[in-house]
Amino acid sequence: MTVGNIPRHVGIIMDGNGRWARKRRLPRSLGHRAGMNRMIGLISRAKQSGVKYLTLYVLSTENLARPRKELDGLFNLLRKYFDDNVKKLYAQNSEVRVIGDLSVLPPDVRLKLIEGEENSPENADFCVIFAINYGGRAEILNAAKRAAEAGEDISEEKFSSLLYTGGIPDPDFIIRTGGELRLSNFLIWQAAYAELYFTDVLFPDFTDELFSSALEEYSHRNRRFGKIEDDK
Ligand code: FPP
């Protein structure tokens, strides 16, 4: 399904895997597995809908403080996801990017992520961006240090190019599942003018149809970027 006025760049904060599992008396790891499967479905749906960039919040910097067992499970899922799916994305002419601080990840996971990015097709018609050990404040601080090192006068545009997301347009639409009403350090510079969409639905239950309803709602939003109606 395609709706009018499709956002070029969509971000998703994929929250609620743990509660989805708890409701079913399952271990949290199975909630993350269900989340991963849903993520795979949504990547296809986003591409079919005409979205050009999809940023997925897989792991925040804060998530790295979770118990070792849960983190090991998430790293295993990442290994599995990259082994099983990245080539399928390339075959569909989709690019893979990874944003975040990869330096503290297990070395084999880090390597898979870097290779996943480096082997991506050029001139792809869709780009999936995985935010992993990502934090918006750390990203801004890192860009600020690079700007200071360069020592030149800096514009917003130049500063944006120093972020992990350099070269990627700002998100137009950010969806958060799982009922919380906040951005939790996700793309906080880039989200300045993004439309926000919050739903109580837990991520593994966020179906393709619900994603399309969210896009439908976006198509009715009136984005003024601080200007008045006639001024656009
Ligand atoms: C937040 O839910 C979700 C995460 C910390 C992980 C998000 C990851 C996925 C959706 C899929 C994983 C995909 C790969 C490739 C690893 P939560 O656990 O905080 O849920 P809760 O708030 O209900 O406890």
Side-chain angles (χ1 to χ4, degrees), residues 10-47 54-90 94-102 104-117 119-120 127-136 138 174-187 197-208 210-211 214:
V10 176
I12 309 185
I13 302 174
M14 307 182 289
D15 197 11
N17 296 342
R19 279 164 284 162
W20 182 92
R22 195 166 62 231
K23 265 171 65 180
R24 290 162 179 76
R25 301 194 181 174
L26 294 170
R28 290 178 65 83
S29 59
L30 291 187
H32 291 315
R33 181 175 292 263
M36 182 181 82
N37 289 333
R38 191 74 292 274
M39 183 185 85
I40 292 169
L42 287 174
I43 291 172
S44 297
R45 172 57 71 112
K47 183 167 192 263
L54 178 69
T55 302
L56 299 162
Y57 207 1
V58 176
L59 209 57
S60 68
T61 330
E62 293 71 28
N63 291 153
L64 242 70
R66 290 200 176 185
R68 192 72 242 169
K69 189 166 162 238
E70 180 166 350
L71 282 181
D72 284 344
L74 280 164
F75 292 142
N76 278 338
L77 277 184
L78 266 177
R79 289 183 182 97
K80 184 170 166 47
Y81 177 79
F82 272 73
D83 285 345
D84 296 353
N85 292 280
V86 159
K87 289 203 179 74
K88 292 183 195 159
L89 289 176
Y90 300 161
S94 300
E95 180 185 350
V96 171
R97 290 236 347 220
V98 181
I99 57 171
D101 174 12
L102 307 186
V104 296
L105 302 182
D108 70 301
V109 173
R110 186 168 69 235
L111 192 65
K112 269 188 211 305
L113 301 178
I114 293 170
E115 283 176 355
E117 192 168 54
N119 298 331
S120 279
C127 179
V128 195
I129 302 127
F130 297 96
I132 297 172
N133 192 25
Y134 172 86
I174 294 181
I175 298 171
R176 180 173 190 147
T177 63
E180 309 292 353
L181 306 179
R182 54 180 173 259
L183 285 177
S184 298
N185 213 7
F186 182 59
L187 301 179
Y197 182 92
F198 297 102
T199 169
D200 288 339
V201 174
L202 303 175
F203 185 68
D205 291 329
F206 191 60
T207 58
D208 287 357
L210 291 172
F211 177 72

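Since we're looking at a predicted model, the values are computed, not measured. As the structure lists them, so they are numbered: ligands from 1, and atoms in each ligand from 1. Atom set for the values below is all heavy atoms of this structure, side chains included, hydrogens, waters and symmetry mates excluded.
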Approximate separation, where rounding is to 0.5 Å, of Arg97 CZ and Thr55 OG1:
9.0 Å

Report the distance from atom CD1 of Ile99 to atom CD of Glu117, rounding to the nearest 0.5 Å.
10.0 Å

Asp208 bridged to Arg38 by N-O distance under 4.0 Å
yes

Taking 4.0 Å as the limit for heavy-atom contacts, which would you say applies to Arg66 with ligand 1: side chain only, backbone only, both, or neither?
side chain

What protein heavy atom lies closest to atom 20 (O) of ligand 1? Include the residue and the distance to one decimal.
Gly18 N, 3.0 Å

Who's closest to atom 22 (O) of ligand 1 heavy-atom-wise, of Glu180, Glu62, Glu70, Arg19?
Arg19

Any heavy atom of Arg22 under 4.0 Å from ligand 1? The part involved is neither

Return the option from Ile40, Leu56, Val58 holding the heavy atom at the smallest distance from atom 7 (C) of ligand 1.
Val58

Just verifying a value: how many Å separate Asn133 CG and Glu62 CD, rounded to the nearest 0.5 Å?
9.0 Å

Salt bridge check, Asp15 against Arg19: does any charged N sit closer than 4.0 Å to a carboxylate O?
yes

Please verify whether a non-hydrogen atom of Gly178 lies at under 4.0 Å from ligand 1.
no

Side-chain contact, heavy-atom cut-off 4.5 Å: Leu59 with Phe75?
yes

Element-labelled atoms of ligand 1 that are located less than 4.0 Å from some non-hydrogen atom of Asn63:
5 (C)

Can you check whether Tyr134's main-chain N or O pairs, donor with acceptor, with Thr61's side chain at less than 3.5 Å?
yes

How far is atom 4 (C) of ligand 1 from its nearest protein heavy atom, and which residue and atom is that?
His32 CE1, 3.8 Å

Please write down residue, atom name and distance for the protein heavy atom closest to atom 3 (C) of ligand 1.
Met14 O, 3.2 Å

Charged N to carboxylate O under 4.0 angstrom, Asp72 versus Arg68?
yes

Just jot down the ligand 1 atoms closer than 4.0 angstrom to any heavy atom of Leu77, in number order.
16 (C)

Looking at ligand 1, would Arg28 count as a contact under a 4.0 Å heavy-atom criterion?
yes

Whether the side chain of Asn63 engages the backbone of Ser60 through a donor-acceptor N/O pair (distance < 3.5 Å, no angle test) should be reported.
yes

Here the gap from Glu95 atom CD to Cys127 atom SG, rounded to the nearest 0.5 Å, amounts to 4.0 Å

Quick check on contacts: which atoms of ligand 1 are under 4.0 angstrom from a heavy atom of Met36?
11 (C), 13 (C)

Please classify the Asn17 to ligand 1 contact at 4.0 Å (heavy-atom distances, strictly less than): side chain, backbone, both or neither.
both

Can you name the atoms of ligand 1, numbered from 1 with element, that are less than 4.0 Å from a heavy atom of Phe203?
10 (C)

Within a distance under 4.0 Å of any heavy atom of Tyr81, pick out the atoms of ligand 1 and give their elements.
15 (C)

